[in-house]
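Please read these numbers as outputs of a predicted model, since none were measured by experiment.
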Amino acid sequence: PGAKAGASTGAGSMPAASMGAGAKPDPTTDSGLQGWTVPHAWIAAGGSRFQFRRWLRVDARIKELAESIDSEGLLHPLVVRKVGESFQLVSGFRRHTALSFLARTKALDPQSMTVRVSVLPQGTSDDEALKVSFAENLARKSLDSTEKAIAVLRLRDEFGKGLQEI
């Protein structure tokens, strides 16, 4: 087996779909997002304001996810927003970590390993990106209780959100 579609070793970054005017991003269906395929190396995950997890280390669950991506492909694209010539990861931190692990263990060049991404609309604010990130994490039920509490505190302290907004 090799990396399947969505996590392949092809090159290029062609938009797969265009977005209709006024479309709102929906992390559960990818509606309102552009689908692209970009090199893994173009996706910046470190230091993202949208990371709600306490830490992400390569553990058995990440290795299992990497094996799944290797055999089945990336079933859910990473959600990113374009920043200059690269992309800022908004949601999909576990998938990104698994892809990084897969690239290292298969000795794949991150520049030639392409990944499916859903790109938020141009001009998406931090608040809008934050909503997408938080909504996806809640929809996937992938945050534990402590991480949810940390997320609420960060929403309040870093983004100035009141409890009603949260």
Side-chain angles (χ1 to χ4, degrees), residues 3-17 19 24-59 61-66 68-70 73-106 108-144 147-148 150-151 154-155 158-159:
K4 300 281 185 190
S8 67
T9 57
S13 61
M14 298 291 290
M19 185 175 38
K24 291 286 184 191
D26 181 346
T28 59
T29 64
D30 283 340
S31 69
L33 305 175
Q34 290 185 345
W36 290 22
T37 301
V38 302
H40 182 260
W42 292 7
I43 303 168
S48 175
R49 297 180 73 190
F50 309 111
Q51 167 64 287
F52 291 116
R53 296 179 187 287
R54 289 176 284 177
W55 59 82
L56 260 178
R57 62 179 179 263
V58 177
D59 60 9
R61 291 178 58 203
I62 294 294
K63 289 177 182 177
E64 183 180 309
L65 180 56
S68 172
I69 291 170
D70 190 31
L74 186 62
L75 301 179
H76 299 282
L78 305 175
V79 178
V80 299
R81 67 178 179 175
K82 190 137 176 40
V83 178
E85 293 300 313
S86 64
F87 296 86
Q88 178 185 41
L89 188 59
V90 172
S91 67
F93 289 89
R94 287 187 68 249
R95 286 167 277 160
H96 185 274
T97 301
L99 286 162
S100 297
F101 174 77
L102 184 62
R104 281 192 310 277
T105 58
K106 297 274 185 181
L108 300 172
D109 176 13
Q111 197 63 257
S112 62
M113 179 181 169
T114 58
V115 178
R116 282 186 316 124
V117 297
S118 294
V119 183
L120 293 172
Q122 185 74 22
T124 298
S125 70
D126 279 355
D127 276 0
E128 292 165 325
L130 180 69
K131 286 176 189 172
V132 169
S133 176
F134 198 57
E136 182 180 275
N137 278 298
L138 290 178
R140 293 185 189 281
K141 297 181 173 95
S142 61
L143 296 176
D144 65 31
E147 290 167 335
K148 286 178 186 174
I150 290 169
R154 287 189 60 211
L155 289 169
E158 291 178 34
F159 290 92

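Side-chain contact between L120 and V80 is absent, with no heavy atoms from C-beta onward closer than 4.5 Å. The closest side-chain heavy-atom distance from I43 to Q88 is not below 4.5 Å. Inter-residue side-chain proximity for H40 and T114 is flagged as unmet; no heavy-atom pair is nearer than 4.5 Å. Counting heavy atoms from C-beta outward, V115 and T37 have side chains that stay 4.5 Å or more apart. Within the 4.5 Å cutoff, side-chain heavy atoms of L78 are placed close to those of L99.
Side chain of S118 to backbone of V79: no donor-acceptor contact under 3.5 angstrom is found. Judged by distance alone, with hydrogens and angles left aside, the side-chain atoms of R61 form no donor-acceptor pair with the main-chain N or O of R94 at under 3.5 Å. Here the side chain of S68 pairs no donor or acceptor atom with the backbone of E64 at under 3.5 angstrom. Proximity of a side-chain donor or acceptor of T97 to a complementary backbone N or O of F93 within less than 3.5 Å is detected. The main-chain N or O of G84 is found under 3.5 Å from a side-chain atom of K82 such that the two form a donor-acceptor pair.
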Candidate pair V38 and R116, rule side chain to side chain contact (heavy atoms under 4.5 Å, CB included), full reasoning:
CA-CA 7 Å; V38 302; R116 282 186 316 124; over 6 Å; no
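Between P77 and L74, the shortest heavy-atom contact is CA-CD2, 4.2 Å. Minimum interatomic distance between L89 and A45 (heavy atoms only, all atoms of both residues): CD2-CB, 3.6 Å. In terms of heavy-atom proximity, I69 sits nearest to R95 at CD1-O, 4.2 Å.
The pair D126-R81 counts as a salt bridge, with a side-chain nitrogen and a carboxylate oxygen less than 4.0 angstrom apart.
The aromatic rings of W42 and F87 lie parallel to each other, with less than 30° between the two planes, well short of the 60° mark.
The structure places OG of S91 at 12.0 Å from NE2 of H96, a figure rounded to the nearest 0.5 Å.
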